[in-house]
Amino acid sequence: MSLTLEGKTCLVTGGSRGIGRAIALKLADFGADVVITYSRSADAAEEVKAEIEKKGRKSKALQADAVSLARAEEVVNEIVEDWGKLDVIVNNAGITKDNLILRMTEEQWDDVITTNLKSIFNYSKAAAKPMMRNRGGSIINISSVVGISGNAGQSNYAASKAGIIGFTKSYAKELSSRNIRANVVAPGYILTDMTGELDEKVLEGIKAETPLGRAGEANEVADAVVFLASDMSSYITGEVIRVDGGMAM
Ligand code: NAD
């Protein structure tokens, strides 16, 4: 059996740039129709939609703040009404607001937990009924190695990313009997706008701590997502796949 996503309808949150963009394009490369959501960058989102259509696949770019459950339900309902079903959700939207605990503000804590963790509850909950009706589905949640190892200066981010792992395993246990799988991809240090903001010295330190000795690319995270989206992973649920060059082993 070769890996194909033909006939599958996928949703990627925060798909206008970085890892989300790479995931959306790669899902389309393997034959899926792909909806992306974005928070602000309409132009970048339209560009991703056009690229997916150039590959001969259907696409939509929907404005949706991932923190809203009501909007998540609208997005999922729109996909199901227009395209008949939703097979795969990739919960990718995420932010960082780093600070040491002594200096961290309540707002920094709340923003990161809400954007990174509640968003995953929102879309996973919204998709549950349509996926049950469709007799199956795959939820892929983007966590981080920081959620496994912790990181000084990122307690809010690490807590949100560790929370994603606990949520995903619980969701998998609740919905496996309906053939809905839920898995986590935990990237290490990947070159995107998010990591571009880090200090050069910090980046060199991260590379030195990575057994494969280099930063990862968004495409390499997308490869793991494609596998989890496909029927090649049909007996895998509740799993955490690190894409981190060995950083957290
Ligand atoms: P990025 O900042 O380039 O992209 C994040 C995306 O999420 C953007 O498209 C942004 O618009 C979207 N987003 C943020 N808040 C949103 C909201 N409220 N509603 C809708 N969309 C929202 O970052 P990235 O590096 O591509 O990160 C993607 C995911 O991968 C994040 O969850 C991040 O935590 C995770 N991750 C990244 C790395 C890395 O090294 N880059 C490592 C581990 C995990």
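Counting starts at 1 for both ligands and their atoms, in listed order.
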Side-chain heavy atoms of [X] within contact of [Y], under 4.5 Å:
| X | Y | result |
| --- | --- | --- |
| Q63 | T37 | no |
| S144 | Y157 | yes |
| N183 | I139 | no |

Do the charged groups of [X] and [Y] touch, with an N to O distance under 4.0 Å?
| X | Y | value |
| --- | --- | --- |
| D193 | R21 | no |
| K60 | D33 | no |
| E239 | R181 | no |
| D29 | K55 | yes |
| E220 | R214 | yes |
| K125 | E73 | no |

[X] to ligand 1, any heavy atom closer than 4.0 Å:
| X | result |
| --- | --- |
| S119 | no |
| A186 | no |
| K161 | yes |

For N151, enumerate each residue passing the side chain to side chain donor-acceptor pair (under 3.5 Å) test, keeping only those at least two apart in sequence or located in another chain.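 If we apply the side chain to side chain donor-acceptor pair (under 3.5 Å) test to N151, skipping adjacent residues, the hits are Q154.
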In the protein, what heavy atom is nearest to [atom], and what distance, to one decimal place, separates them?
| atom | result |
| --- | --- |
| atom 5 (C) of ligand 1 | G94 O, 3.7 Å |
| atom 22 (C) of ligand 1 | A93 CB, 3.6 Å |
| atom 25 (O) of ligand 1 | T192 OG1, 2.6 Å |
| atom 37 (C) of ligand 1 | I19 CD1, 3.6 Å |
| atom 23 (O) of ligand 1 | M194 CB, 3.4 Å |
| atom 6 (C) of ligand 1 | G14 O, 3.8 Å |
| atom 11 (O) of ligand 1 | S39 OG, 3.4 Å |
| atom 43 (C) of ligand 1 | P187 O, 3.4 Å |

Any link between L11 and Y171 through a network of hydrophobic side chains (Ile, Leu, Val, Met, Phe, Trp, Tyr) touching at under 4.5 Å?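 Both belong to a single hydrophobic cluster.
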Without hydrogens or angle criteria, can the side chains of N141 and T168 be said to hold a donor-acceptor pair below 3.5 Å?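 Side chains of N141 and T168: pair found under 3.5 Å.
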What atoms in ligand 1 come closer than 4.0 Å to a heavy atom of [X]?
| X | value |
| --- | --- |
| T115 | 15 (N), 18 (N) |
| T195 | 39 (C), 40 (O), 41 (N) |
| I95 | 14 (C), 15 (N) |
| A64 | 19 (N), 20 (C) |
| S16 | 9 (O) |

Taking distance alone, with N or O pairs closer than 3.5 Å, would you say [X] contacts ligand 1?
| X | answer |
| --- | --- |
| Y38 | no |
| D65 | yes |
| V67 | no |
| G20 | no |
| Y157 | yes |
| A66 | yes |

If we ignore hydrogens and angles and just use 3.5 Å, is the side chain of S138 paired with the main-chain N or O of I89 as donor and acceptor?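 No, because the side chain of S138 does not come within donor-acceptor range (under 3.5 Å) of the backbone of I89.
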Under 3.5 Å, is there a donor-acceptor pair between the side chain of N156 and the main chain of Q108?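 A pair under 3.5 Å: yes.
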Which atoms form the tightest heavy-atom contact between M104 and N99, and what is the distance?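 Scanning both residues completely, I find the closest heavy atoms to be CE-O, 3.3 Å.
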For [atom], the option (of [options]) bearing the nearest heavy atom:
| atom | options | value |
| --- | --- | --- |
| atom 4 (O) of ligand 1 | Q63, R17, R40 | R17 |
| atom 42 (C) of ligand 1 | S144, G188, S68 | G188 |
| atom 40 (O) of ligand 1 | I190, I120, T37, V12 | I190 |
| atom 32 (O) of ligand 1 | I142, N92, V90 | N92 |

